[in-house]
There are 2 protein chains.
Amino acid sequence: MELNERKKKILEVIIRDYINTAEPVGSRTLSKRCNLGISPATIRNEMADLEDLGYLVQPHTSSGRIPTQKAYRYYVDEIMEIRKLEKMIRTDIHRGFLNTTTELGSTMDHTARVLSQLTNYTAVVLAPRVTNFNCRNVQIVSLIKNRVLMVVVTNEGMAKNIEVSLSQDVDNALVLKLSNVINGFLKNTNLSDLSSELVDRIQEMTPEESKLIHEIIPHLKKVLLDEDSEVHSTGLTNLFNYPEFSDVNKIKQLINLVQEKQVLSEMMTNNNGNQVIRIKIGSENDNENLKDFSIITSTYELDGEMMGAFGVIGPTRMNYDNVSSVLNYIRNELNLHISNLLMK
Amino acid sequence: MELNERKKKILEVIIRDYINTAEPVGSRTLSKRCNLGISPATIRNEMADLEDLGYLVQPHTSSGRIPTQKAYRYYVDEIMEIRKLEKMIRTDIHRGFLNTTTELGSTMDHTARVLSQLTNYTAVVLAPRVTNFNCRNVQIVSLIKNRVLMVVVTNEGMAKNIEVSLSQDVDNALVLKLSNVINGFLKNTNLSDLSSELVDRIQEMTPEESKLIHEIIPHLKKVLLDEDSEVHSTGLTNLFNYPEFSDVNKIKQLINLVQEKQVLSEMMTNNNGNQVIRIKIGSENDNENLKDFSIITSTYELDGEMMGAFGVIGPTRMNYDNVSSVLNYIRNELNLHISNLLMK
DNA sequence: GTTAGCACTCAGTTATTGCGAGTGCTAATA
DNA sequence: TATTAGCACTCGCAATAACTGAGTGCTAAC
């Protein structure tokens, strides 16, 4: 399956050209562009070979060739290299991160914005999921009458808020009591372990407290397990400028995809292979709505532990090396920034 | 400018028909549909009159007529009536609100979803802005090292969270001190009045406290004044099904509009005329991006005071009476629900 | 005032043609 | 043997022409 140098070169030029123009590439254009000093006729022969091998197809008999998914995969694996970004862009990005506010959510938004600007595709960023971490403490703030706000804080200093209406009004004393009880069983437990059985183990509760706690737990669970709020995306309209998205149905498909935050979230976190930059091309994606797209993702970490993911969605005719290079750099920046923001 | 009964009837049928089909209405079709027992020829005469008066236009010489913006305005003002929704739908909506969780944000989301489902257009809901209310107290939760979370609670029991990184680490004692100081000047002040001068009036501060407070204030301002988080919208893709949105540019325009949350927010709250249901047709909208759309909005209240707004964006060929009727009912439900949720 | 009849208009569809970019094949060439 | 020039062929696409039909305005009769 190994291609000789010339075939490889020709394939590379075709892919690069098609990524830029979205037009099928013909032998004449190619002959001028690839600087190999070979005639269109020779190139035609090579192209026919590449077509036999499954790297190229013709949209119709008398047109130029376009790369197949297999070609993109070959390009990604064997040809392209992750570049170091230009100094100027690097410092731009770096400064941008320094200027972001101190809130986690806005850092995520910023990342998404930078990603979509630098790539001209749609960016998705997943914030760290609070349920991956251990609870340090829970603070309860009385709002009014029977409503309270619970603030769950992890050891790393991440916070999540849950509003709850209880079946009875609360006063300061009750807030304090509830607070003690909840802290009693949540402290230092992993937030994904939240279960009612856990609560039952606590013995020192009055019936009243027990009742209220059992009202609270479902809310707590629901909000903590809710993935939607962790998904930040931008640059949806970027894609509309590409000719492959002049079809309204494809746009619909895309919008639906981006709105299904849970699906996005799953898709970006299932990391098979442990590569730093993961590339899924067209039908390599499990999700049906993504069959026509490519997605490149990466992750950011804190003390070597995966915190979240981020990536870019675009057409299969995606500028793979630029996106990979950008992701690679952003990853470093994000790691840096997150470790300043959170602490283990 | 007053139209006689027959012209009025004809105009009504044309508008209704065009709203349903998006096709220009011809005299023959109309003659069958309007049951006035008049021939196409007569209708042609009447239509010519209506065109002269500015209520109708022909897309091209030999086609049927479509209503002008003036016609829609006439329809809205003089013809249509706000209906009472069917019993079944009413109870459906009512039950839906009862089932929403106790959190304000999710009530807003639910409202948006119901609106877009019932109207098949795009729904926008504005949550109450915390800056319209008086602060009851501020709670500070230490997150980690130099980071704290401030929870601002209003007298009505609304809460807003602000994450802040300070220039130095905080311990419990410092949190308590800061908490006292901030409560000292925020308690019972209107949250929009937040200014640095306010802070200067407080005398009993150590230089350290003063420094930290001055670090906090800008964040506080920024988050409290931020309107973006108050805007909930759904049903963007609903509009794509209408033939007027088969054009990608119009879709882009729409998406940009919905993403500019601040603009949306302003647009929906500037209430000139104090009507319960406000209808803006096409170019009646100030915003350039909305010139091709119609928007119907309403507001919800607590103790007679305006809390927020909600509404529907659609084509100028909008089903004005259905949307108005739905908004009218939702308004009541929302008022009810909000007064259960918040308290004055 | 209303209507039937008729000539006219014009967007949209279908059919026809010509163009051009591109191919595969073959025979000549290095 | 690999490369290339030449040539006939293919086929999408754009431009043009012809056709269709829904709808109009006008006029004359009712």
Side-chain angles (χ1 to χ4, degrees), chain A residues 3-11 13-18 20-68 71 243-244 246-247 317, chain B residues 3-11 13-18 20-68 71 243-244 246-247 317:
Chain A
L3 301 179
N4 67 37
E5 273 310 306
R6 195 169 69 181
K7 283 204 175 56
K8 193 168 166 182
K9 181 72 188 166
I10 288 174
L11 187 57
V13 178
I14 292 176
I15 292 175
R16 287 248 163 84
D17 202 74
Y18 187 69
N20 280 330
T21 64
E23 297 287 327
V25 190
S27 56
R28 191 145 18 188
T29 347
L30 193 53
S31 156
K32 281 177 204 141
R33 195 152 323 186
C34 80
N35 272 336
L36 278 179
I38 42 180
S39 78
T42 315
I43 289 178
R44 279 205 286 282
N45 290 330
E46 296 285 35
M47 279 164 112
D49 290 351
L50 285 168
E51 183 163 356
D52 288 344
L53 291 169
Y55 292 104
L56 298 177
V57 282
Q58 287 180 287
H60 55 266
T61 334
S62 69
S63 81
R65 261 88 171 187
I66 61 176
T68 61
E244 36 269 86
S246 49
D247 176 26
R317 175 184 74 86
Chain B
L3 302 179
N4 66 37
E5 273 310 308
R6 194 168 73 180
K7 282 202 174 56
K8 194 169 165 183
K9 180 72 188 167
I10 288 175
L11 187 57
V13 177
I14 293 177
I15 292 175
R16 288 248 162 83
D17 202 72
Y18 186 69
N20 280 330
T21 64
E23 297 286 329
V25 190
S27 56
R28 191 147 18 191
T29 345
L30 193 52
S31 157
K32 282 177 206 143
R33 196 150 324 186
C34 78
N35 272 337
L36 278 179
I38 43 181
S39 78
T42 314
I43 290 178
R44 278 204 286 282
N45 291 330
E46 295 284 36
M47 279 165 113
D49 289 351
L50 284 168
E51 183 163 358
D52 288 342
L53 290 169
Y55 293 104
L56 297 176
V57 283
Q58 286 180 288
H60 55 267
T61 334
S62 67
S63 80
R65 261 89 170 187
I66 61 176
T68 61
E244 37 268 86
S246 50
D247 176 26
R317 174 183 75 87

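Owing to the predicted nature of the structure, the values given are computational and were not obtained by experimental measurement. Per chain, numbering begins at 1; letters A, B, ... match sequence-line order. Note: hydrogens, waters and symmetry copies are ignored here, and every other heavy atom, side chains too, is used.
- Phosphate contact (OP1/OP2 of D/dT3, side-chain N/O of A/R6, threshold under 4.0 Å): present.
- Taking atom CZ of A/R28 as the reference point, atom P of D/dA5 lies 12 Å away to the nearest angstrom.
- Side-chain contact between A/I15 and A/V25 is absent, with no heavy atoms from C-beta onward closer than 4.5 Å.
- Panel note: side chain A/T21, backbone A/D17; a donor-acceptor pair is recorded below 3.5 Å.
- Distance A/E51 CD to C/dG22 C1': 13 Å, rounded to the nearest Å.
- Between its opening and closing five pairs, the helix from C/dG1-D/dC30 to C/dA30-D/dT1 changes axis direction by 20°, a value rounded to 10 degrees.
- Going from atom CG of A/L56 over to atom C1' of C/dG22 covers 14 Å, rounded to whole Å.
- Regarding B/E46, its CD atom lies at a distance of 10 Å from the C1' atom of C/dG1, rounded to whole Å.
- Remark: B/K7 NZ is packed, more than 12 non-hydrogen atoms of other residues, nucleotides or ligands lying under 6.0 Å away.
- Between B/L30 and B/M47, some side-chain heavy-atom pair lies under the 4.5 Å cut-off.
- The listed nucleotides are D/dT3, C/dT3, C/dT23; the one nearest the side chain of A/S27 is C/dT23.
- Closest approach to the B/S39 side chain among C/dA4, D/dT24, C/dT23 is made by C/dA4 (side chain taken as heavy atoms from C-beta onward).
- Per the geometry, CG belonging to A/N45 stands 12 Å off C1' belonging to C/dT26, to the nearest Å.
- For D/dT24, the OP1/OP2 oxygens have a side-chain nitrogen or oxygen of B/R65 closer than 4.0 Å.
- Between the side chain of B/S27 and the backbone N or O of B/I43, no donor-acceptor pair lies under 3.5 Å.
- One finds no side-chain N or O of A/S63 lying less than 4.0 angstrom from the OP1 or OP2 phosphate oxygen of D/dG12.
- Side-chain contact between A/R317 and A/P243 is present, with at least one heavy-atom pair separated by less than 4.5 Å.
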Nucleotide-resolved protein contact map, nucleotides 6-17 of chain C, B/S/- at heavy-atom distance under 4.0 Å: ---BBS------
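- Between A/T29 and A/A41, the one whose closest nucleotide on DNA chain C sits nearer the 5' end is A/T29.
- Put simply, the side chain of A/S31 gets close to the backbone of A/I38: a donor and an acceptor are under 3.5 Å apart.
- With contacts defined as side-chain heavy-atom distances shorter than 4.5 Å, the pair B/L53/B/L3 qualifies.
- For B/I14 and D/dG23, the CD1 to P distance is 12 Å, given to the nearest whole Å.
- When the C1' atom of D/dT3 is taken as reference, atom CD1 of A/I43 falls 12 Å away, rounded to whole Å.
- A 6.0 Å sphere centred on NZ of B/K8 holds more than 12 heavy atoms belonging to other residues, nucleotides or ligands.
- Going from atom CE of A/M47 over to atom P of C/dA21 covers 16 Å, rounded to whole Å.
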